[in-house]
**Q** 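First, the structure itself, so that you have it in front of you.
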There are 2 protein chains.
Amino acid sequence: MKTVIDKFRDFNRYYTRILGLLDDHLLNSPYSLVEARILYEIHQQGPVSASQILSEVNMDKGYLSKVLKQFAKSRLISKQRSGEDARVSLISLTAKGLKSFHALNAASHEQIEQLISNLNKQQQHQLIAHMEGIRKLLSVPAPPKDS
Amino acid sequence: MKTVIDKFRDFNRYYTRILGLLDDHLLNSPYSLVEARILYEIHQQGPVSASQILSEVNMDKGYLSKVLKQFAKSRLISKQRSGEDARVSLISLTAKGLKSFHALNAASHEQIEQLISNLNKQQQHQLIAHMEGIRKLLSVPAPPKDS
DNA sequence: CTGAATTAGTTGATTAATTCAACCAATTAC
DNA sequence: GTAATTGGTTGAATTAATCAACTAATTCAG
């Protein structure tokens, strides 16, 4: 009999594949998965510092710096020095960057739409309920020590 | 209000991160995520051909060939020509490969254990139920055309 | 049967992705 | 004020991944 942990790992393999499929299709765009994710974060968080992005995305800061440099070079983002702390640059999407983001977004949206196209409304909501259930459970805090 | 698709994508970002965390920790091993996955498939499927692995894992066949070559060089796997079809090699783990696999496996197991350590039995089963629910829903087939 | 097309897998060349440590400049802590 | 820390950049190096060309074995079509 499979243990809870085995089943968890089964799901991880399964979902890795789902995510992989989505990426592949998304890759009619010139952006890699992480680039897309970075664009997303910049879009989401308005003017944002590199370290704020890092705290969301979990990657090497040197690498992020290079990706951002590329983005700046191709005019997807603009940087503005923070008044509060002159070390940090606040990054925003340019109009061009926003456009790229929207294109990516639409492609990704379409992929998911495809994926759930066979589900009726009720099933779709069940699906989301499962996802939210997982998140909730995986963020259950440790019980307080009764010291 | 967020749509079903938006929520689905939220979950994808969330779960990407979960998977990323697991990988990172797994990477006290000398193996990359895909290498680990390949070892897993060889272990799982007994003597297996490269193309069978490809059908599970979804990667470039040239790249897989190189990874397998490395594995062979470091004596993790052995190849044996298939009697049925002389083009295919059937791949198995050597004793050394099995040992490496077990080490990886134990590390991965431990990670998950950690992740669910705050959950009681009932919550753990809920978690698995959610995962299985997702799998089931995402494999709902298209309705037959009533032609 | 015979030649054309397909399939399994390999290889070399090339590009893309990622890491790493050293580093500068600004800020905070002592 | 000086030391330590933080935000970010850079160059060098390594690793990962792609791609097309290729060999050899197999299948398919006539």
Side-chain angles (χ1 to χ4, degrees), chain A residues 16-17 19-21 23-39 41-42 45 47-74 76-92, chain B residues 16-17 19-21 23-39 41-42 45 47-74 76-92:
Chain A
T16 296
R17 201 183 193 191
L19 292 171
L21 290 180
D23 297 356
D24 273 5
H25 284 106
L26 192 66
L27 254 48
N28 295 44
S29 84
Y31 305 110
S32 74
L33 180 60
V34 294
E35 285 170 337
R37 180 65 194 275
I38 291 166
L39 280 178
E41 290 299 333
I42 299 170
Q45 317 222 23
V48 65
S49 68
S51 49
Q52 283 175 290
I53 296 176
L54 280 181
S55 72
E56 291 298 319
V57 173
N58 187 41
M59 61 191 294
D60 181 76
K61 68 180 178 168
Y63 184 43
L64 174 61
S65 177
K66 278 163 211 186
V67 172
L68 292 175
K69 193 178 179 183
Q70 269 310 111
F71 281 176
K73 193 165 142 199
S74 48
L76 298 176
I77 62 172
S78 61
K79 294 181 177 184
Q80 177 152 18
R81 230 158 214 242
S82 160
E84 313 254 310
D85 182 337
R87 289 169 304 179
V88 334
S89 299
L90 295 174
I91 302 161
S92 319
Chain B
T16 295
R17 202 182 193 191
L19 291 172
L21 291 180
D23 297 353
D24 274 5
H25 284 106
L26 192 67
L27 254 46
N28 294 45
S29 83
Y31 306 108
S32 75
L33 180 59
V34 293
E35 286 170 336
R37 181 65 196 276
I38 291 167
L39 282 179
E41 291 299 334
I42 299 170
Q45 316 222 20
V48 66
S49 68
S51 50
Q52 281 175 293
I53 295 175
L54 279 179
S55 74
E56 289 300 317
V57 173
N58 189 40
M59 60 190 294
D60 181 75
K61 68 178 179 167
Y63 186 43
L64 174 59
S65 178
K66 279 164 208 185
V67 171
L68 291 176
K69 194 178 178 182
Q70 269 311 113
F71 281 176
K73 193 164 141 199
S74 48
L76 298 176
I77 62 172
S78 62
K79 293 182 178 183
Q80 176 152 19
R81 219 146 224 251
S82 160
E84 313 255 310
D85 182 337
R87 290 169 303 179
V88 336
S89 299
L90 295 174
I91 301 161
S92 318

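Numbered from 1 within each chain, the chains take letters A, B, ... in sequence-line order. Computed over heavy atoms, backbone and side chain alike; hydrogens, waters and symmetry mates excluded.
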**Q** Using 0.5 Å steps for rounding, measure from the CD1 atom of B:Ile53 to the CG atom of B:Asn58.
**A** 13.5 Å
**Q** Nearest 0.5 Å please: distance from the CD1 atom of A:Ile42 over to the CD1 atom of A:Ile77.
**A** 5.0 Å
**Q** Measure CZ/B:Phe71 against C1'/C:dG9 and give the value in whole Å, please.
**A** 17 Å
**Q** Working to the nearest 0.5 angstrom, can you tell me the gap between B:Ser92 OG and B:Gln80 CD?
**A** 7.5 Å
**Q** What is the distance from CD of B:Gln70 to P of C:dT11, rounded to the nearest Å?
**A** 12 Å
**Q** Which residue pairs pass the side chain to side chain donor-acceptor pair (under 3.5 Å) test when at least one of the two sits in residues 48-57 of chain A, sequence neighbours left out?
**A** A:Ser49-A:Ser51, A:Ser49-A:Gln52
**Q** Separation of B:Met59 atom CE from C:dT10 atom P, in whole Å?
**A** 12 Å
**Q** Would you list the atom pairs, donor with acceptor, under 3.5 Å between side chains in residues 59-73 of chain B and any protein atom, with sequence neighbours excluded?
**A**
| from | atom 1 | to | atom 2 | distance (Å) |
| --- | --- | --- | --- | --- |
| B:Asp60 | OD2 | B:Gly62 | N | 2.9 |
| B:Asp60 | OD2 | B:Tyr63 | N | 3.0 |

**Q** According to the salt bridge (charged side-chain N to carboxylate O under 4.0 Å, His left out) rule, which pairs have a member within residues 76-88 of chain B, sequence neighbours left out?
**A** B:Asp85-B:Arg87
**Q** Output the distance between atom CG (A:Leu54) and atom CD1 (A:Ile38), rounded to the nearest 0.5 Å.
**A** 8.5 Å
**Q** Within a strict 4.5 Å, meaning less than it, do heavy atoms of the B:Val48 and B:Leu90 side chains meet?
**A** no
**Q** Given atom NZ of B:Lys73 and atom P of C:dT11, what is their separation to the nearest angstrom?
**A** 12 Å
**Q** When the distance from CG of B:Leu33 to C1' of D:dT15 is rounded to whole Å, what number comes out?
**A** 14 Å
**Q** If a protein heavy atom is under 4.0 Å from the base, mark B; if only from the sugar-phosphate, S; if neither, -; do that for nucleotides 5-12 of chain D going 5' to 3'.
**A** -BSBBBBB
**Q** If each of A:Gly83 and A:Glu35 is mapped to the nucleotide of DNA chain C with the nearest heavy atom, which maps nearer the 5' terminus, i.e. the 5' end?
**A** A:Glu35
**Q** Pick out the pairs of N or O atoms, protein on one side and nucleotides 14-16 of chain C on the other, that lie under 3.5 Å.
**A**
none

**Q** What is the bend of the helix from C:dC1-D:dG30 to C:dC30-D:dG1 when you compare the axis at one end with the axis at the other, using five pairs each and rounding to 10°?
**A** 30°
**Q** If you look at every heavy atom in A:Ile91 and A:Ala50, which pair is closest and at what distance?
**A** CD1-N, 4.1 Å
**Q** Any donor and acceptor pair, going by atom type alone, linking the side chain of B:Ser74 with main-chain N or O of B:Leu76 inside 3.5 Å?
**A** no
**Q** Could I get the full list of salt bridge (charged side-chain N to carboxylate O under 4.0 Å, His left out) partners for B:Glu41, not counting sequence neighbours?
**A** B:Arg37
